[in-house]
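The basis for the numbers below is simple: all heavy atoms, side chains too, and nothing from hydrogens, waters or symmetry mates.
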There are 2 protein chains.
Amino acid sequence: MTFTQNKIASILRHSGYKITPQRRAVLNIISQSHDHLTPAAIYEKVHQQHPRIGLVTVYRTLDILAELGLICEVHSGGSCRSYLMRRPAEHHHHLICSDCGAVIDFTDCDLSNLEQRLAREAHFEIKGHLLEFTGLCRDCRKRMKQKKAAR
Amino acid sequence: MTFTQNKIASILRHSGYKITPQRRAVLNIISQSHDHLTPAAIYEKVHQQHPRIGLVTVYRTLDILAELGLICEVHSGGSCRSYLMRRPAEHHHHLICSDCGAVIDFTDCDLSNLEQRLAREAHFEIKGHLLEFTGLCRDCRKRMKQKKAAR
DNA sequence: TAGTTAATTGAAAATAATTTTCATTTAGCA
DNA sequence: TGCTAAATGAAAATTATTTTCAATTAACTA
Ligand SMILES: [Zn+2]
Ligand SMILES: [Zn+2]
Ligand SMILES: [Zn+2]
Ligand SMILES: [Zn+2]
């Protein structure tokens with residue numbers, strides 16, 4: 001479950017941002033897709049429902065949504081800057097299929113031991129972390145097995 | 001300690017690549033810097049010693065070196081596509097200072113429990129992971145403290 | 001060591017990604 | 001219903017990356 005429309009609207013408003021149809025449209029697209037989407041892909045989809053929207057607005061909207069933590073940026077695998085809807089409240093990470101790009105969330109990263117050790121050893125004050133696993137999703141594994149069997 | 005020049009040359013040659021002065025120069029710059037460098041920054045430095053080198057060659061060289069695992073790509077923090085020398089043989093990760101960009105390596109990530117759990121729950125075949133911590137390095141922490149004290 | 005050849009290079013052009021500028025429009029509020 | 005600051009879209013500007021192609025060169029062979 002993602003944030004509700006209302007919750008999102010309230011967060012935007014409280015941060016001094018207006019709720020515009022364009023911003024709604026971008027949010028809708030991202031929350032409807034389970035995959036991560038590049039700015040260009042988001043633009044394309046939004047554009048179908050909202051032909052007058054500009055790519056610039058998509059970029060600006062993404063910056064705001066990411067800044068507010070409503071969406072998250074995904075890095076692994078080729079293209080930088082893709083976006084995913086953020087699950088509410090909870091810190092989480094992604095499992096990304098290197099074949100089809102499917103994204104699965106997980107929440108219990110439990111890096112606190114590692115974090116403490118590193119902070120101590122490197123005299124770092126750790127503020128955050130980026131953790132992503134890559135591999136093959138269930139479907140892609142199946143597909144590969146079938147291919148192999150067919151040979 | 002990074003790979004020796006010879007080791008690197010041998011890896012390149014075994015993969016069918018030639019050892020050119022340009023490739024040497026790019027490797028030297030990356031291995032001499034402890035920070036991660038963008039393609040543009042690498043180009044700038046290489047260019048000083050090697051004025052006739054083109055940015056295109058830098059891009060092509062980076063692609064090859066990354067493909068062979070001799071350097072690694074760093075993602076966090078603003079600009080995508082920065083490169084760091086890879087420490088030999090061992091799997092490792094980075095601590096990145098969000099203030100000055102300093103990079104510190106660490107090796108013992110020990111994500112195997114998490115990995116197994118995720119593989120089981122999500123039916124994923126996990127092939128790799130991306131883990132980076134961000135925070136403040138020793139020096140930047142000091143600097144901040146001094147600033148605070150001065151107020 | 002000279003000759004051969006496929007890989008590599010650099011310059012320029014092409015393409016793609018992102019940001020800036022600015023005149024016009026609009027959401028949110030009184 | 002106005003008012004106003006924020007947001008928008010179009011176009012231009014900037015930045016990042018890739019492609020193309022003729023000239024050069026590293027590595028191998030005779
Ligand atoms: Zn898949
Ligand atoms: Zn985490
Ligand atoms: Zn620092
Ligand atoms: Zn690891």
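Here Y43(B) pairs with nothing under the side-chain hydrogen bond (donor to acceptor under 3.5 Å, both in side chains) rule; sequence neighbours left out. Among residues two or more places apart in sequence or in another chain, the side-chain hydrogen bond (donor to acceptor under 3.5 Å, both in side chains) test is passed with R60(A) by none. Evaluation of the ring-ring contact (aromatic ring centres under 6.0 Å, His included) rule for F133(B) yields H129(A), F106(B) as partners, not counting sequence neighbours.
Atom C1' of nucleotide dT25(D) and atom CZ of R24(B) are separated by 14 Å, given to the nearest angstrom. With rounding to whole Å, Y43(A) atom OH is found 9 Å from dG9(D) atom P. If you measure from atom CG of L55(A) to atom P of dT15(C), you get 18 Å, rounded to the nearest angstrom. Between Y59(A) atom OH and dA16(D) atom P there is a gap of 13 Å when expressed in whole angstrom units. Between the CZ atom of R52(A) and the P atom of dA7(D) there is a distance of 19 Å, rounded to whole Å. Summarising the geometry, the separation between CG on L65(A) and C1' on dA7(D) is reported as 14 Å, rounded to the nearest angstrom. With rounding to whole Å, D63(A) atom CG is found 12 Å from dT8(D) atom P. Rounded to a whole Å, the CD1 atom of I53(B) is 15 Å from the C1' atom of dT24(D).
When atom types are taken as modelled, the side chain of R23(A) and the backbone of L65(A) share no donor-acceptor pair closer than 3.5 angstrom. In terms of modelled atom types and a separation under 3.5 Å, the side chain of S31(A) and the main chain of N28(A) share a donor-acceptor contact.
Clustering ILVMFWY residues whenever any of their side-chain heavy atoms sit less than 4.5 angstrom apart, transitively, puts L27(B) in a cluster other than the one holding V56(B).
For residues 45-55 of chain B, no residue pair satisfies the side-chain hydrogen bond (donor to acceptor under 3.5 Å, both in side chains) rule, not counting sequence neighbours.
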Query raised in the report: Reading nucleotides 21-30 of chain C 5' to 3', which nucleotides get B (base under 4.0 Å from a protein heavy atom), which S (sugar-phosphate only), which -?
Result: B-----BS--
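The minimum heavy-atom distance linking L68(B) with S15(B) is given by the pair CD2-OG, 3.4 Å.
Axis angle between the ends of the helix from dT1(C)-dA30(D) to dA30(C)-dT1(D), five pairs each and rounded to 10 degrees, works out to 40°.
Heavy-atom nearest nucleotides on DNA chain D were determined for G54(A) and for A40(B), and the one closer to the 5' end corresponds to G54(A).
Judged by distance alone, the side chains of D110(A) and S112(A) do bring a donor and an acceptor atom under 3.5 Å apart.
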